[in-house]
Q: 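Take this structure first; my questions come after.
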Amino acid sequence: MDTGVSKSMSGGRSDAVPLTDKRLIKGARARDTVLRRAVGIASLDGLDDVSFGRLATDTV
């Protein structure tokens with residue numbers, strides 16, 4: 001199952017730590033979710049409406 005996490009975590013480096021720790025996978029998924037939501041807000045409402053508070057309430 002490809003989670004798309006390994007690319008973002010490794011940064012394309014060959015010396016990256018393998019993603020065997022589920023905490024790393026969970027963290028990468030959380031970052032991806034927040035980033036996708038931030039891009040969605042910015043594309044619809046503009047960058048001025050992107051805030052940590054809004055992201056926190058929207059992604060829970």
Side-chain angles (χ1 to χ4, degrees):
M1 178 173 110
D2 181 22
T3 61
V5 173
S6 61
K7 282 192 287 184
S8 64
M9 288 298 294
S10 67
R13 298 185 329 231
S14 61
D15 63 340
V17 177
L19 291 176
T20 56
D21 189 344
K22 292 185 186 209
R23 294 173 296 174
L24 294 176
I25 295 170
K26 184 178 177 183
R29 285 184 184 155
R31 283 187 296 278
D32 186 57
T33 300
V34 171
L35 179 60
R36 287 178 190 269
R37 184 63 189 137
V39 169
I41 292 170
S43 66
L44 293 175
D45 300 332
L47 286 174
D48 290 336
D49 288 334
V50 178
S51 69
F52 286 114
R54 182 165 179 189
L55 290 172
T57 58
D58 285 358
T59 57
V60 175

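Numbering of residues begins at 1 and proceeds along the displayed sequence.
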Q: Got a second to check how far R36's CZ is from D32's CG, nearest 0.5 Å?
A: 4.5 Å
Q: Quick one: hydrophobic cluster around V39, which other residues, with the 4.5 Å side-chain cut-off, linked directly or via members?
A: L35
Q: Ignoring hydrogens, what is the shortest heavy-atom contact between D49 and I41? Give both atom names and the distance.
A: O-CG2, 3.8 Å
Q: Taking only residues two or more places apart in sequence, or in another chain, which ones meet A42 in a side chain to side chain contact (heavy atoms under 4.5 Å, CB included)?
A: L47, V50
Q: Over all heavy atoms of both residues, which pair between D45 and R54 is shortest? Give the atoms and the distance, please.
A: OD2-NH2, 2.9 Å
